[in-house]
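Labels below follow one simple rule: chain letters A, B, ... track the order of the sequence lines, proteins then strands, and each chain is numbered from 1.
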There are 2 protein chains.
Amino acid sequence: MNKNITLKDVAREAGVSIPTVSRVLNDEKFVSELVREKVKEAAKKLNYHPEWSARSLRLRKTDIIGMIIPSVTDYFFSSIVLGVERYFRRKGKELILFNTSNDEVIEEKAIKLAISKRVEGIVLATICKNNKVIGSMIESFGTPFVLVDNKIEVEKVDFVLADDINGSYKLIRHLIEVHGNREIACISGPFDESSGFDKLYGYKKALVEDDIPVKEDYIKVAHWKKNEAYEATRELLSMKDRPEAIYCMNANMLIGCLRYLNDKEIKVPDDISIVTFDDYDFVSAMNPPITTLERIDLEMGEKAAELLLERINGDGGDYKEIRIGADLVIRKSCGCK
Amino acid sequence: MNKNITLKDVAREAGVSIPTVSRVLNDEKFVSELVREKVKEAAKKLNYHPEWSARSLRLRKTDIIGMIIPSVTDYFFSSIVLGVERYFRRKGKELILFNTSNDEVIEEKAIKLAISKRVEGIVLATICKNNKVIGSMIESFGTPFVLVDNKIEVEKVDFVLADDINGSYKLIRHLIEVHGNREIACISGPFDESSGFDKLYGYKKALVEDDIPVKEDYIKVAHWKKNEAYEATRELLSMKDRPEAIYCMNANMLIGCLRYLNDKEIKVPDDISIVTFDDYDFVSAMNPPITTLERIDLEMGEKAAELLLERINGDGGDYKEIRIGADLVIRKSCGCK
DNA sequence: ATAATATCTGAAAACGTTATTAATATCGTT
DNA sequence: AACGATATTAATAACGTTTTCAGATATTAT
């Protein structure tokens, strides 16, 4: 284990003072070519790496961004992480990842931890619902936040959200207009999360437009979970007025739904049509491929990162709420050829 | 933006000296109950958070781990990230994520960056092949490394790897012994990566055991990629001696393969059998569900984290190479009922 | 009562960097 | 040749913590 090389060592090697080395390495002006060369050479020779905690202590900036998500193995969130990471990598900032495992307590701790690590900003996909805790935490710190995916009641924060209402609306309208479906069920997220609420709103809006009654029995809340969606599908298919189509509001619930259909050898789209909100690689590899909406997760990640950086740099202006829309991706599971 | 509260502020508030506050907050001995209470109260009142760059500068430890992977959106890697994150979270360490996008140059930069950030250790899933650059970089730094997924020629490093040979072997033996298949093709990773090489080795070993000739035409290298696997599947199915079964060596290539089969409406397992190496959520939701091996990615992540921590703490002992094995998960795509 | 010991507290230094300020060298102009 | 302006360098302080180390106080033993 070789002892760390510091500016002091480089300075001695190059025969100059410490600040001069610092100036060279930070590409500042007011240093002669000769010295510049000497210093660079010495730094290279000694294999110098700056001590970043000293730097950030002095500069009062860490170049670190916090990213707090429920689950990195969720297709949706890992894509957002990619978008955020990619953006900040180009800007010379690092990403610290916090995986809350869908646990509100862990989420709270993660926020506190991130703050105490002096991250410059936080991208947060919260699972918090009506709970005011997170909101007041956010407001009590000076650190900028961008919230993705879910909207909660909190001031002075930017939002990057999916256009849940219109996405749902488009999917359901397709089933109605093109396939003449009227008996359309949905496997839903919880309504106390904005994404669940809005997706349901879009679903209802599409039905109401053709005076199709909204049957409460057709709305199954599966909390974005595979297992619950499996069960929900079972219930839907055992109804006497079995639906003609099922709309899954996320990829996990699609998986649960399809598992049930496979187990019972129920044919898609002959026996029942399926549509889902999120397009991931495997969605198009299904048999049949599933009709869905374009992917927006990467775009959401990049946009969130962009907003956060503006806010960090102090030129964010008014707080924004950005909705990212998506067009239909029509495949076969809805009955299209 | 409220100015940061420091030990100094807390000390003044509590009417004690700075070191005393430090001692209280770090739960050290030699401080009276009275003072302890006063300080804690003051810290809470002022909402004190330690300045972590100062702390790590003084303590010469950062509590930060670097995690370098090719792609966080890959099912395999995101699970490893989860395993690593979960382990280190419990140990009070943070995870900085580097996504190299399968680019060797970015990977090199990521390593250097991680080192200069003084991470205490690095979990690396390298895409490096015969290239000696990464190896010599690793050896030149004092920072502990654990390499996952891929093995390269490098000293003084721990490895956590899948038991690629036996996994492949089990899958192919199942096709041979249970289904009597002899014409078995594979869509493979590149052979200059250990995981590709070893998986191919297991595949051949299984064939040779029954004196089944290894046809080079049946081995298609698709570099773990969806698109290339799509093309490979096309080629395989247009051969005059079309195979009875295809073995996909990772989930991405499975997706590409299935996309082609769906496009051409080729039935699994009636027209062709399919097996794959990795089990992910969607693999069991396919129609039919795909026969595969148990998931080991989470275990790999946790194990890698464990080894790295031992190494950081200096009680790692001899360098290890750990192989994690997995049993078959038999579903319907191989022809089983 | 005194000495010895255990317990508590504060002053000062150090970690490695950058910013400020001051000092020196260089140059062109008169 | 002397002056001021400018370019280059060095000395020093500061960022917020923890770690000596020494001093102070309380406790116990003699």
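As rounded to whole Å, 13 Å separates atom P of C:dC8 from atom CD of B:Glu28. Atom pair A:Arg60:CZ and C:dG16:C1' shows a separation of 16 Å (rounding to whole Å applied). Per the geometry, NE2 belonging to B:His49 stands 21 Å off P belonging to D:dC15, to the nearest Å. To the nearest angstrom, P of D:dA14 lies 17 Å from CD1 of A:Ile18. In this entry the distance linking CG of A:Asn26 with P of C:dG16 reads 17 Å, nearest Å. In this entry the distance linking NZ of B:Lys61 with P of C:dG16 reads 17 Å, nearest Å. For the pair A:Leu59 CG and C:dT20 C1', the interatomic distance rounds to 14 Å; values are reported in whole Å. Between the NZ atom of A:Lys8 and the C1' atom of C:dA14 there is a distance of 10 Å, rounded to whole Å.
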Please tabulate, one pair per line, each protein N/O and nucleotide N/O from nucleotides 24-27 of chain D that are separated by under 3.5 Å, including the distance.
none

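Taking the centre and axis of the six-membered ring of B:Phe88, the NZ or CZ atom of B:Lys93 falls outside the cone set by 45° and 6.0 Å. With B:Tyr75 as the aromatic partner, B:Arg295 does not meet the cation-pi criteria of under 6.0 angstrom to the ring centre and within 45 degrees of the ring axis. Remark: A:Lys91 is positioned above the aromatic ring of A:Tyr87, its terminal NZ or CZ atom under 6.0 angstrom from the ring centre and at most 45 degrees off the axis.
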Show your reasoning for whether salt bridge (charged side-chain N to carboxylate O under 4.0 Å, His left out) applies to B:Glu33 and B:Arg36.
CA-CA 5 Å; B:Glu33 262 326 299; B:Arg36 192 178 292 277; 3.7 Å; yes

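Salt bridge present: A:Lys303 and A:Glu306 bring a charged side-chain N and a carboxylate O closer than 4.0 Å. One finds no salt bridge joining B:Asp318 and B:Lys320 here, because no Lys/Arg side-chain nitrogen approaches an Asp/Glu carboxylate oxygen to under 4.0 Å. For A:Glu37 and A:Lys40, the salt-bridge test fails: no basic side-chain N is under 4.0 Å from an acidic carboxylate O. Under a 4.0 Å N-O distance rule, the pair B:Glu302/B:Arg90 qualifies as a salt bridge. With salt bridges taken as basic N to acidic carboxylate O contacts below 4.0 Å, none links A:Lys109 and A:Glu107.
Not counting sequence neighbours, the partners of A:Glu94 by the side chain to side chain contact (heavy atoms under 4.5 Å, CB included) test are A:Ile64, A:Arg89, B:Ile96, B:Phe98, B:Leu113, B:Lys117.
Phosphate contact (OP1/OP2 of C:dT9, side-chain N/O of B:Ser32, threshold under 4.0 Å): present. An OP1 or OP2 oxygen of C:dT17 is reached within less than 4.0 angstrom by no side-chain nitrogen or oxygen of A:Ser22. Taking side-chain N and O atoms only, B:Thr20 has a distance below 4.0 Å to OP1 or OP2 of C:dG10. Between B:Ser17 and C:dG10 there is a side-chain N or O to OP1 or OP2 distance below 4.0 Å.
Each of B:Val16 and B:Arg118 was assigned the nucleotide of DNA chain C with the nearest heavy atom; the assignment lying further toward the 5' end belongs to B:Val16. Heavy-atom distances to DNA chain D give each of B:Arg23 and A:Arg36 a nearest nucleotide, and the one nearer the 5′ end belongs to A:Arg36.
In this structure, A:Glu33 reaches neither bases nor backbone, as no heavy-atom distance under 4.0 Å exists between it and the strands shown.
Minimum atom distance to the side chain of B:Val31 is reached by C:dT9, of the listed D:dT17, C:dT9, C:dG10. Distance from the side chain of B:Leu7 is smallest for D:dT18 among the nucleotides D:dT18, D:dG16, C:dT17. When distances are taken from the side chain of B:Glu51 to each of C:dA11, D:dT17, C:dG16, the shortest belongs to D:dT17. Comparing C:dT18, C:dG16, D:dT19 by their nearest atom to the side chain of B:Leu57 picks out C:dG16.
A donor-acceptor contact under 3.5 Å is not formed by the side chain of B:Arg58 with the base of D:dT17. If you check distances only, the side chain of B:Arg55 never reaches the base of D:dT17 with a donor-acceptor pair under 3.5 Å.
With no hydrogens or angles considered, no side-chain donor-acceptor pair links B:Thr126 and B:Asn150 at under 3.5 Å.
The C1' atoms of five pairs define one axis at each end of the helix from C:dA1-D:dT30 to C:dT30-D:dA1, and these two axes lie 50° apart (to 10°).
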